[in-house]
Amino acid sequence: MEKSDTLKFAGREFRSRLIVGTGKYPDHRSMQRAHEASGAEIVTVAVRRVNLDRTQESLLDYIDAKKYTLLPNTAGCYTAEEAIKTAILAREVGLSDMVKLKVINDQRTLFPDNEELLKATKVLVKEGFVVLPYTNDDPVMAKKLEDAGAAAVMPLGAPIGSGLGIRNPYNIKIILEAARVPVIVDAGVGTASDATIAMELGCDGVLMNTGIACAKDPVAMAEAMRHAVIAGRLAYLAGRIPKKLYATASSPLEGMVEL
Amino acid sequence: MEKSDTLKFAGREFRSRLIVGTGKYPDHRSMQRAHEASGAEIVTVAVRRVNLDRTQESLLDYIDAKKYTLLPNTAGCYTAEEAIKTAILAREVGLSDMVKLKVINDQRTLFPDNEELLKATKVLVKEGFVVLPYTNDDPVMAKKLEDAGAAAVMPLGAPIGSGLGIRNPYNIKIILEAARVPVIVDAGVGTASDATIAMELGCDGVLMNTGIACAKDPVAMAEAMRHAVIAGRLAYLAGRIPKKLYATASSPLEGMVEL
Amino acid sequence: MEKSDTLKFAGREFRSRLIVGTGKYPDHRSMQRAHEASGAEIVTVAVRRVNLDRTQESLLDYIDAKKYTLLPNTAGCYTAEEAIKTAILAREVGLSDMVKLKVINDQRTLFPDNEELLKATKVLVKEGFVVLPYTNDDPVMAKKLEDAGAAAVMPLGAPIGSGLGIRNPYNIKIILEAARVPVIVDAGVGTASDATIAMELGCDGVLMNTGIACAKDPVAMAEAMRHAVIAGRLAYLAGRIPKKLYATASSPLEGMVEL
Amino acid sequence: MEKSDTLKFAGREFRSRLIVGTGKYPDHRSMQRAHEASGAEIVTVAVRRVNLDRTQESLLDYIDAKKYTLLPNTAGCYTAEEAIKTAILAREVGLSDMVKLKVINDQRTLFPDNEELLKATKVLVKEGFVVLPYTNDDPVMAKKLEDAGAAAVMPLGAPIGSGLGIRNPYNIKIILEAARVPVIVDAGVGTASDATIAMELGCDGVLMNTGIACAKDPVAMAEAMRHAVIAGRLAYLAGRIPKKLYATASSPLEGMVEL
Amino acid sequence: MVNGKKLEVTDGATITALLEELNINPLRVAVQLNLEIIKRERYDKTTLRAGDKLEIITFMAGGSE
Amino acid sequence: MVNGKKLEVTDGATITALLEELNINPLRVAVQLNLEIIKRERYDKTTLRAGDKLEIITFMAGGSE
Amino acid sequence: MVNGKKLEVTDGATITALLEELNINPLRVAVQLNLEIIKRERYDKTTLRAGDKLEIITFMAGGSE
Amino acid sequence: MVNGKKLEVTDGATITALLEELNINPLRVAVQLNLEIIKRERYDKTTLRAGDKLEIITFMAGGSE
């Protein structure tokens with residue numbers, strides 16, 4: 001794939017189209033090795049109170065700031081206001097001005113609250129953040145987020161942690177038709193083919209955590225996802241054959257041996 | 001993936017689980033580069049009369065016999081007898097004792113004739129061939145071919161050249177449950193995710209031609225397929241997360257910032 | 001199905017769970033016969049200027065007000081304000097206080113604008129309307145519309161006129177889990193099985209127009225849809241068998257004849 | 001649906017396109033009521049030794065021979081020879097010269113043994129039976145069975161009792177393209193929409209047992225299936241709308257009210 | 001102006017008169033005069049002047065999918 | 001032996017007699033004597049001997065999916 | 001109160017001092033004092049009083065799917 | 001007749017000679033003479049006569065999907 005095929009947004013450029021998370025890993029060490037295997041260049045992190053009893057070692061000891069771009073997320077926020085404050089605190093840490101904007105409405109399904117999300121996006125864009133909003137697969141909302149200045153839109157493929165893959169490729173297709181910013185599928189990827197399918201649809205990237213972190217072998221799955229995203233991207237660029245009910249043989253029938 | 005994870009049958013061992021074809025390419029040169037990009041170690045070829053007016057250059061000038069194992073196929077045969085004779089002629093060429101056994105029944109859909117296929121398999125196994133029969137996805141026939149001594153069974157994912165992918169993963173799963181020889185999906189793969197899905201089901205390999213040769217960019221698609229097969233295999237070994245209608249967040253909710 | 005199994009909302013009760021439209025029919029006469037065949041009791045109509053050159057005969061001559069409940073819709077509205085005004089005008093006609101609330105955002109895909117839709121719902125509920133909002137399949141928005149006083153929620157199965165069926169049954173399932181008002185799938189139904197599937201998911205009804213009006217034989221398709229909705233509802237109530245990869249025979253093996 | 005639309009084979013004609021079974025019901029009474037509700041005119045029965053301790057009442061007391069055509073099946077047979085002998089015994093009972101020919105290969109999945117099936121079909125056709133063979137969805141075998149004189153071909157939609165529906169509609173479509181005898185989907189139907197889909201593909205009928213008999217409410221499911229088969233048949237005849245990614249509104253935009 | 005079309009209406013004519021003239025069944029329409037809705041009972045009390053913008057609305061086919 | 005079970009049958013009894021004794025409706029069964037099918041019209045001509053293997057077949061629930 | 005926990009802090013101690021005492025790397029945290037964010041450069045100018053509510057925030061695992 | 005085409009072959013010429021003349025690499029083909037396969041080692045012992053039907057087979061592109 002030509003070197004030039006990179007993921008670009010907000011003036012940044014990334015060779016890898018896979019964004020990975022930090023949650024749910026058996027331990028920091030396996031997380032670190034999974035990140036390595038995934039080839040990802042962007043890693044999302046939660047914004048939390050420092051743990052005062054210093055038993056726990058710091059997550060940041062396991063993420064090489066030179067290799068990885070940190071993408072703080074506003075997980076756990078249920079209103080625009082909470083998300084905005086969390087984003088501002090995250091930026092104060094001084095390691096990133098990007099934010100994976102997440103405003104959850106329903107604790108059960110972790111579906112986003114698009115109203116609040118749009119509000120928060122508008123505010124944070126004005127505040128100079130690079131905003132990557134996690135939304136559902138509503139093409140109308142995707143457009144509104146783009147118009148509000150989101151650096152990319154991140155529709156879910158399926159509910160967070162469900163592992164159901166791209167439940168509605170039709171909506172993703174419609175979002176892609178109209179989008180002028182990168183479209184990154186966020187949530188739902190359960191196995192490699194889910195990521196490949198997302199990329200074959202023409203998505204610019206895939207963000208995942210549970211699918212890797214909770215696999216029996218997170219490091220192997222991370223490597224699988226690295227290949228899966230590359231495979232899907234290449235297939236998209238290569239231009240697949242059309243689907244037919246059936247076709248004809250690839251062997252020219254002239255030249256058949258007389259037996 | 002540990003070095004030990006290889007495709008084995010009839011005493012042979014291959015690092016790549018992708019088998020590619022030689023038909024339908026724009027030209028020999030692009031075929032050669034696609035083979036390169038695919039990482040395949042086995043290449044199937046048709047058995048035909050030498051072209052007497054030597055305008056055409058020989059296919060074999062474009063397949064390095066040191067790098068690739070040749071897999072002659074019996075394409076174009078409609079009876080066990082034709083297929084057996086073609087296989088014997090192929091072996092006489094002296095480059096391979098393997099045969100991709102193909103007995104077509106229906107010229108329109110290129111579906112195999114399982115009756116004739118089974119007959120030919122029995123004969124050729126006695127003749128000492130390494131027989132790789134192309135069959136449909138009937139678990140009963142797969143078992144009979146295995147019992148007849150096939151070195152692997154090669155069920156179709158979808159009709160030849162259809163690009164429909166794995167139409168019936170359930171049958172492939174059932175075949176895999178019972179098989180004691182490698183199961184290699186042959187035909188139907190249209191894009192990378194189709195190959196990934198085949199491997200995620202637990203198949204031992206994938207054979208394809210049209211999906212690569214007829215892509216807009218065969219070389220790029222070949223590279224996609226290389227990654228797709230590795231991705232699917234790794235995901236299968238890694239053990240995917242279970243599917244749920246929805247799950248819960250990966251971020252521990254304790255430690256939420258008080259805003 | 002016990003007589004008691006009816007579609008209820010806003011104090012109304014309907015024996016049929018199928019709601020049909022009036023658009024796109026070859027002519028008023030075939031529409032009338034299709035309505036007949038569908039068994040529907042609710043028919044949606046557009047709100048438009050009277051045609052002054054009385055060449056056209058009135059739609060209302062073809063809908064027996066004694067047999068059918070009219071459901072005016074706000075098709076063609078792109079803002080809450082337009083939709084509210086249209087609904088009020090519709091009520092002034094004096095034939096119905098129900099409204100199928102539709103606020104389109106994207107002329108290309110006819111996807112709803114949920115923000116505007118929610119605004120309009122709140123206003124019209126206060127105005128005493130029975131509001132049936134057409135929305136996408138976002139479970140969060142469905143809940144908000146219900147909380148705003150919608151008499152039922154009407155998520156789309158697929159884009160209007162697409163005939164793609166229920167693209168994302170998972171979202172519909174999630175909506176149903178939480179809904180305390182009827183859930184009526186609106187848009188996307190292309191053929192009978194689409195309607196059956198919607199009802200099998202547990203939906204309370206299905207609204208369709210294009211699928212019937214643009215079928216080669218609208219009257220036959222209307223009858224098909226009548227059976228399809230009943231079939232799906234009965235199957236939902238009857239409790240289907242679980243899915244398995246395979247099962248065992250229904251014939252007791254004891255008693256086999258000794259041959 | 002015009003009266004003339006009936007299921008015809010071997011000179012018989014049936015108004016209902018649904019064939020039901022007798023196995024797995026809670027009791028004979030509920031079976032009888034389910035048969036009633038299904039509207040079926042053909043009922044399949046197993047051929048077994050009379051139970052000498054006459055505790056059990058006879059199945060035939062619950063199937064009105066004037067209303068239903070009996071279709072004895074060769075369930076439990078694993079070779080052509082067993083099936084042939086069973087069919088001959090069944091005919092000796094003197095109630096039917098039809099046979100649902102079933103030769104199982106794999107006790108686990110109950111997949112048919114096509115080789116043995118074809119053998120038995122040839123013999124029984126010569127013996128003057130009306131042979132309805134249960135086969136898999138291999139288009140080649142379907143053609144061979146038709147050529148052998150089968151009165152209809154009965155491909156499985158999915159494994160017996162699996163409730164997975166039509167796993168591979170593509171194969172069924174291909175079978176239908178070539179078939180000159182009725183194609184009746186046998187096995188796999190789990191719920192109403194499965195039957196509707198089978199009929200929408202253009203199948204001539206559906207045979208099911210587990211889906212009805214093992215439903216929580218067999219009688220309600222039987223009625224669901226009656227509607228489902230009619231719905232699918234009507235939709236097939238009516239000619240569905242084409243599928244599109246999205247379409248345009250059914251409401252003419254001229255005539256919009258000026259608000 | 002009626003429904004966006006110029007129409008000759010005798011100055012001072014009532015809505016009732018106009019509907020009659022256009023042979024429109026008043027029980028099947030809603031009427032909006034200069035963007036304000038006119039209740040049915042006021043049709044024969046409401047007279048039309050030059051420059052009035054009248055909208056006569058009814059139900060037509062369409063709008064549901 | 002009837003249907004695999006040992007059964008006391010008076011030597012020389014006909015199939016008709018046996019069916020009657022077992023109160024089985026002859027119109028709903030097929031009979032196979034020592035692997036050979038016996039036509040219904042021959043039931044009262046066919047007598048049973050010790051060691052005969054008789055199969056009495058009928059239709060029962062099952063076998064279709 | 002630091003991160004919701006009661007904590008003994010010498011009256012008048014600076015944020016810098018506190019972080020040192022807690023052995024927290026100031027370059028990896030953000031600090032909010034009584035709901036107002038304190039820029040890093042002001043850590044050693046800002047002193048803590050009894051009743052102050054301090055939040056020390058950092059990045060931790062989680063939050064992405 | 002070679003591969004279905006009429007071909008001038010000097011009577012008594014060997015297969016080896018013919019392949020050379022046609023400039024075909026003998027290590028890449030199989031040869032069938034009058035429906036009987038000729039082993040490679042017999043190419044120069046086997047001479048051709050008028051009316052012989054010769055098939056020269058090799059590997060070509062195609063046949064896999």
Side-chain angles (χ1 to χ4, degrees), chain D residues 19-25 27-28 31 43-54 56 58-63 65 70-77 85-86 88-96 100 102 110 134 156-162 186-189 207-211 213, chain F:
Chain D
I19 303 176
V20 295
T22 50
K24 297 179 172 176
Y25 281 94
D27 51 61
H28 283 346
M31 177 196 78
V43 174
T44 83
V45 294
V47 181
R48 295 286 184 267
R49 285 166 161 174
V50 167
N51 193 323
L52 294 185
D53 46 74
R54 317 285 294 115
Q56 252 181 323
S58 164
L59 170 73
L60 295 173
D61 298 337
Y62 291 86
I63 304 174
L70 291 178
L71 174 57
N73 63 66
T74 60
C77 297
K85 287 180 173 171
T86 301
I88 289 169
L89 277 169
R91 186 164 60 176
E92 281 306 311
V93 176
L95 298 172
S96 174
K100 174 183 166 180
K102 221 168 131 179
L110 300 175
Y134 155 74
L156 53 77
I160 288 173
S162 67
D186 181 359
V189 169
L207 191 158
M208 69 185 73
N209 180 67
T210 311
Chain F
M1 293 284 294
V2 178
N3 288 358
K5 295 197 183 63
K6 276 211 171 337
L7 209 74
E8 274 316 311
V9 183
T10 14
D11 203 50
T14 62
I15 289 172
T16 309
L18 176 66
L19 294 178
E20 219 156 79
E21 184 189 327
L22 295 170
N23 120 58
I24 292 169
N25 176 349
L27 299 177
R28 286 182 174 183
V29 297
V31 172
Q32 181 179 276
L33 179 56
N34 304 326
L35 298 188
E36 173 214 352
I37 289 169
I38 308 297
K39 295 270 166 207
R40 194 164 283 143
E41 50 275 23
R42 293 181 39 229
Y43 286 177
D44 44 18
K45 292 176 202 58
T46 311
T47 56
L48 301 170
R49 317 232 147 309
D52 278 347
K53 285 185 68 194
L54 196 73
E55 294 281 348
I56 310 174
I57 275 64
T58 187
F59 293 157
M60 286 173 72
S64 264
E65 290 61 40

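Source: prediction; values computed, not measured. We use all heavy atoms of the structure for the numbers below, so side chains are in, but hydrogens, waters and symmetry mates are not. We name chains A, B, ... by the order of the sequence lines, and we start the count at 1 in each one.
Residues forming a side chain to side chain donor-acceptor pair (under 3.5 Å) with D/R91 (at least two apart in sequence, or on another chain): none.
Using a 4.0 Å cut-off between a side-chain N of Lys or Arg and a carboxylate O of Asp or Glu, D/D186 and D/K102 do not qualify as a salt bridge. Between D/E92 and F/R40 there is no salt bridge, since no side-chain N of the basic residue sits under 4.0 Å from a carboxylate O of the acidic one.
Residue F/I37 touches chain D through its side chain alone, counting heavy-atom pairs closer than 4.5 Å. Contact of D/A90 with chain F is made through backbone and side chain together, with heavy-atom distances under 4.5 Å. With a 4.5 angstrom heavy-atom cutoff, F/L27 touches chain D only via backbone atoms. Only the side chain of D/L70 comes within contact range of chain F, judged by heavy atoms closer than 4.5 Å.
Across F/R42 and F/T46, no two heavy atoms sit closer than the pair O-OG1, 2.5 Å.
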